[in-house]
Amino acid sequence: MYLLLAAHQDGAAIQRISPSGKPTSDARPVTKGELPGVVRELELQRPRWVWSRAQDWYPELLARGVELERCHDLALCGSILANSALTAHTEYAKNAEKLVQDDDTTPARALQPPPPPSTQGALFEDIKPVVAGVVELRNEFAAQQAALADVDDADLSKRLQLLLAAESAGAIIAVEMQHAGVPWREELHEQILTEALGPRPPLGHRPPALEALCNELRHMLNSPALNPDSPQDLMRALHRNGIEVKSTRKWELQQSGHPAIQPLLAYKQLSRLHTANGWTWLDTWVRDGRFHPEYVVGGVVSGRWASRGGGALQIPRNIRAAVHAEPGHKLIVADASQLEPRVLVALAQDTKMAEAARDKDLYAGIAAQGFGGDRQKAKVALLGAIYGATTGESGRLMPQLARTYPRAVGFVEQAAREGEAGRTVTTRLGRSSPAPSLGWLRSQQSTTAEEQRRADTIARSRGRFTRNFVVQGSAAEWAACWLAELRRRLRTFRAEGRPSGELVFFLHDEVMVHAADDAVEACVEAIREAADAAKELMFGRIPVEFPVSIAVVDSYDKAK
DNA sequence: AAAGCACGCGCG
DNA sequence: AAAGCGCGCGTGCTTT
C-alpha cells in the first residue's frame with residue numbers, strides 16, 4: 001500500500017494511492033501537531049510512504065519517536081529515472097530533459113534540488129517541506145511509475161526497481177543515522193588534542209605545540225615573520241633556503257633532506273588536527289556524546305553518499321579512539337573487503353578473475369595467477385585498471401593484467417571508450433552517468449591541432465570518469481542493498497523483542513553498528529547475511545565472494 | 001565585506 | 001612513492 005505524504009497549508013495531507021498513482025481515498029489534512037500520531041497509527045498497516053524527500057519529513061517524525069519501515073523518495077528516484085538509459089525513451093525522461101538548463105551541468109531533477117546547507121545545530125528546526133502538494137506529488141509518483149512500467153525488459157525493470165527501493169531505503173537510513181549519531185567520547189577526544197597540541201588556546205591563537213614548531217621553523221628558515229599556513233609565504237621561505245620545491249605538498253617536501261623539513265611536516269600534521277578536528281570541531285559537531293553529521297544520499301553522481309558538515313566521511317585515523325562504544329556496548333565495524341574489484345569481476349563475468357575472487361584476499365589470488373605472487377603489484381595493477389592509470393608503475397602493469405584477464409580489463413576499457421566518445425554508461429542496477437555538457441561537446445569539435453590536443457585530454461579525462469563510474473556506482477548499489485538488508489534484519493530483531501543494534505555510521509563500503517553486548521553475535525550474523533543477500537539481489541547466484549571483515553571493538557581505532 | 005578559487009590533506 | 005577515481009573542508013588569497 002502506498003500512502004502519499006504531502007505539504008498542505010501549515011501541516012500535511014495524507015492520501016492513499018494505487019501503485020500507478022491513482023488516488024484511492026480522499027486526501028486527509030493533518031496538522032503539524034497531529035502528524036506524528038497519525039503517521040504512527042498508519043504505519044501499522046506497513047505502507048510505503050511516498051514523499052518529496054525523506055529529509056523533509058523524517059527527521060521531525062523520528063524526533064517524535066516515529067520510525068517508518070519504507071518509503072519512496074520522489075526526489076531521489078526522480079533523479080535516477082530522469083537520467084537512466086533504461087528509461088531514456090520514456091515521457092518522464094523527455095519531460096525532465098526540458099527542465100535542465102542547457103548552459104550548465106545540473107543533473108536533471110524532477111523536483112527541487114536539495115536545500116542549501118543547514119546551519120549546524122539546527123538539524124531539526126530548519127527544514128521546511130518543499131512546496132509540493134498532494135496533486136503535484138501524486139502526478140510525480142504516477143509519472144515515475146509509468147516510466148518504470150515502460151521498461152520492457154523484465155530483468156532490467158526489476159533491477160531498476162531494486163535500485164529505487166535501495167535508494168529510498170538509503171534515504172531513510174541516512175536520516176536515522178543522522179538522528180542516532182556516532183558514539184563519541186568528548187573527553188577522549190580532548191585527551192588526544194591535549195597530548196598532541198597542548199592545552200586549548202584562546203580563540204584565534206595557535207596551540208602551544210604549533211606555536212613552538214612555528215618558532216622553530218621561523219628560526220631554521222631565517223624568516224622571522226613566516227606564516228607556515230600560507231603556501232605562498234612558505235614556498236618563498238623554502239626557496240630562500242635552497243629547498244627547490246614546486247609545491248608545498250607533503251610528498252614533495254619529503255624528497256628534501258633539509259633539517260627544516262621534519263618540523264615542517266610535523267607542523268602540517270598537527271595543524272591539520274587542530275583546524276579540521278580540534279576543539280572547535282568538537283564544540284560544533286558533538287552533542288551529548290554523539291557526532292551528528294548530515295548524510296547526503298545521492299550526493300555523488302555515482303550513487304555514493306556525500307555528507308555535509310563535520311566532514312563525516314573523513315574521520316581521520318588519529319582521532320578514531322574517541323569513537324567509543326557506550327558502557328555495556330560494542331562497536332561492530334564491518335568492511336566489504338576489496339569491494340570494487342569484486343564488483344568488477346561480477347560485472348564483467350570474468351571467470352578467471354572469479355577464481356581469484358573466491359579467495360578472502362582477492363589481490364593475493366590475482367598475484368598468484370598473473371604477477372608471480374607479488375600482491376602489491378597485483379593490487380596496483382587492478383586499481384589502476386579501475387581508475388584508468390596510464391603512467392607510473394600502474395600504467396606499466398596494465399598489459400600484463402589485460403593478458404591474464406581480458407574480460408575484466410575489456411569491460412572497463414569499453415566503459416572508457418564510451419565516455420571518450422561522449423556517450424553515457426550505466427551501472428548494474430540502472431544508474432547512468434550524466435551526459436556530457438554542451439561545453440564538452442563543443443570542445444570535441446575543434447579544428448586546430450592545439451585545440452585537438454586539448455580536446456583529446458578532456459575526452460580521456462571523461463573516459464576515466466565513465467570507466468570508474470560503472471564500477472564505483474555498482475559498488476555503491478551493492479553497499480546500498482547491504483545497508484537496507486542489514487536494517488531490515490536489525491528491525492526484525494527488535495520487533496521480535498530480541499536484542500538488536502543501531503546503525504550509527506556508513507562510509508562507502510563500511511558500516512558501524514552500536515550494539516549491547518548481548519546483541520553482538522546476532523548483529524554480526526546479520527551483517528554477513530545482509531552481504532550475501534546484497535550479492536544475490538544484484539547479481540543472482542554467481543561464483544564470486546563478497547567477504548566482509550568484521551571487528552568487534554570498544555573504539556573505532558581498534559578496527560582494521 | 002562577501003563570494004569564489006586554489007591549495008593541501010583527510011577519507012573510501 | 002605516486003598514480004588513476006570519487007568526495008568535504010579550512011586556510012589564504014583574489015575577485016567582486
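Chain identifiers are assigned alphabetically (A, B, ...) following the order of the sequence lines, protein sequences preceding nucleic acid strands; residue numbering begins at 1 within each chain. On a predicted model such as this, the values are computed, not experimentally measured, just so you know.
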To the side chain of [X], which of [options] is closest?
{"X": "Thr275(A)", "options": "dG10(B), dG6(C), dG10(C)", "answer": "dG10(C)"}
{"X": "Arg464(A)", "options": "dC9(B), dG4(C), dC7(C)", "answer": "dG4(C)"}
{"X": "Gln254(A)", "options": "dG4(C), dG12(B), dA2(C)", "answer": "dA2(C)"}
{"X": "Ala389(A)", "options": "dG4(C), dG10(B), dC11(B)", "answer": "dG4(C)"}
{"X": "Val300(A)", "options": "dG8(B), dA3(C), dG6(C)", "answer": "dG6(C)"}
{"X": "Glu393(A)", "options": "dG12(C), dG6(C), dA2(C)", "answer": "dA2(C)"}
{"X": "Arg320(A)", "options": "dA1(C), dC5(C), dC11(B)", "answer": "dC11(B)"}
{"X": "Val380(A)", "options": "dG12(C), dG12(B), dA2(C)", "answer": "dA2(C)"}

Base, sugar-phosphate alone, or nothing: which one does [X] contact when heavy atoms must sit under 4.0 Å apart?
{"X": "Lys379(A)", "answer": "nothing"}
{"X": "Ser302(A)", "answer": "nothing"}
{"X": "Ile386(A)", "answer": "nothing"}
{"X": "Gly299(A)", "answer": "nothing"}
{"X": "Phe469(A)", "answer": "nothing"}
{"X": "Arg467(A)", "answer": "nothing"}

Query - Polar side-chain atom of Arg304(A) near backbone of His508(A) as donor-acceptor pair, under 3.5 Å - result: no
Nearest whole angstrom, please: distance from the [atom2] of [N] to the [atom1] of [X].
{"X": "Glu340(A)", "N": "dG6(C)", "atom1": "CD", "atom2": "P", "result": "11 Å"}
{"X": "Lys250(A)", "N": "dA1(C)", "atom1": "NZ", "atom2": "C1'", "result": "13 Å"}
{"X": "Glu252(A)", "N": "dC7(B)", "atom1": "CD", "atom2": "P", "result": "13 Å"}
{"X": "Leu265(A)", "N": "dG8(B)", "atom1": "CG", "atom2": "P", "result": "13 Å"}
{"X": "Tyr267(A)", "N": "dG8(B)", "atom1": "OH", "atom2": "P", "result": "15 Å"}
{"X": "Lys377(A)", "N": "dA1(C)", "atom1": "NZ", "atom2": "P", "result": "19 Å"}
{"X": "Met398(A)", "N": "dG4(C)", "atom1": "CE", "atom2": "P", "result": "13 Å"}
{"X": "Gln338(A)", "N": "dG12(B)", "atom1": "CD", "atom2": "P", "result": "14 Å"}

Taking 4.0 Å as the cut-off, does a side-chain nitrogen or oxygen of [X] come that near to OP1 or OP2 on [N]?
{"X": "Asn277(A)", "N": "dG10(B)", "result": "no"}
{"X": "Thr391(A)", "N": "dG4(C)", "result": "yes"}
{"X": "Arg317(A)", "N": "dG12(B)", "result": "yes"}
{"X": "Lys268(A)", "N": "dG8(B)", "result": "no"}

Query raised in the report: Got a minute to check which stems DNA chain C is part of, using Watson-Crick or G-U wobble pairs under 3.5 Å, three or more consecutive?
Result: B:1-12 with C:5-16
Query raised in the report: With a 4.0 Å cut-off, would you call Arg342(A) and Asp509(A) a salt bridge?
Result: no
Report task. State plainly whether the residues Glu477(A) and Arg159(A) are in salt-bridge range, i.e. N to O under 4.0 Å. Result -> no
**Report entry** Rounded distance [0.5 Å steps], CD1 in Ile243(A) versus OG1 in Thr248(A)
**Finding:** 12.0 Å
Query raised in the report: Between Gly395(A) and His508(A), who's closer to the 5' end of DNA chain C by nearest nucleotide?
Result: Gly395(A)
Query - Residue whose nearest DNA chain C nucleotide is more 5′ - Gln472(A) or Gln376(A) - result: Gln376(A)
**Report entry** Quiz item: Gln314(A) side-chain donor-acceptor pair to dG8(C) base, under 3.5 Å
**Finding:** yes
Report summary line: Only one of Gln191(A), Arg185(A), His189(A) passes side chain to side chain donor-acceptor pair (under 3.5 Å) with Glu187(A), and that residue is Arg185(A)
Query raised in the report: Which of residues 230-249 of chain A sit near DNA chain B, with a heavy atom under 4.0 Å from it?
Result: Ser247(A), Thr248(A), Arg249(A)
**Report entry** Pair listing, salt bridge (Lys or Arg N to Asp or Glu O under 4.0 Å) test, anchored in residues 409-430 of chain A, at least two apart
**Finding:** Glu413(A)-Arg417(A), Glu413(A)-Arg467(A), Arg417(A)-Glu420(A), Glu418(A)-Arg423(A)
Can you classify the ring geometry of [X] versus [Y] as parallel (below 30°), tilted (30 to 60°) or perpendicular (above 60°)?
{"X": "Phe506(A)", "Y": "Trp305(A)", "value": "perpendicular"}
{"X": "Trp281(A)", "Y": "Trp184(A)", "value": "tilted"}
{"X": "Phe505(A)", "Y": "Tyr295(A)", "value": "tilted"}

Requested in this report: Let me see the working for Val513(A) and Glu502(A) under side-chain contact (heavy atoms from CB on, under 4.5 Å), right down to the final yes or no.
Outcome: CA-CA 5 Å; Val513(A) 173; Glu502(A) 57 172 350; 6.0 Å; no
Requested in this report: Measure the shortest side-chain to side-chain distance between Val504(A) and Met177(A) over non-hydrogen atoms and say whether it is less than 4.5 angstrom.
Outcome: no
Query raised in the report: Does any non-hydrogen side-chain atom of Gln444(A) lie less than 4.5 Å from one of Ile458(A)?
Result: yes
Report task. Could you check if the base of dG10(C) is syn or anti? Syn means the glycosidic torsion is within 90 degrees of 0. Result -> anti
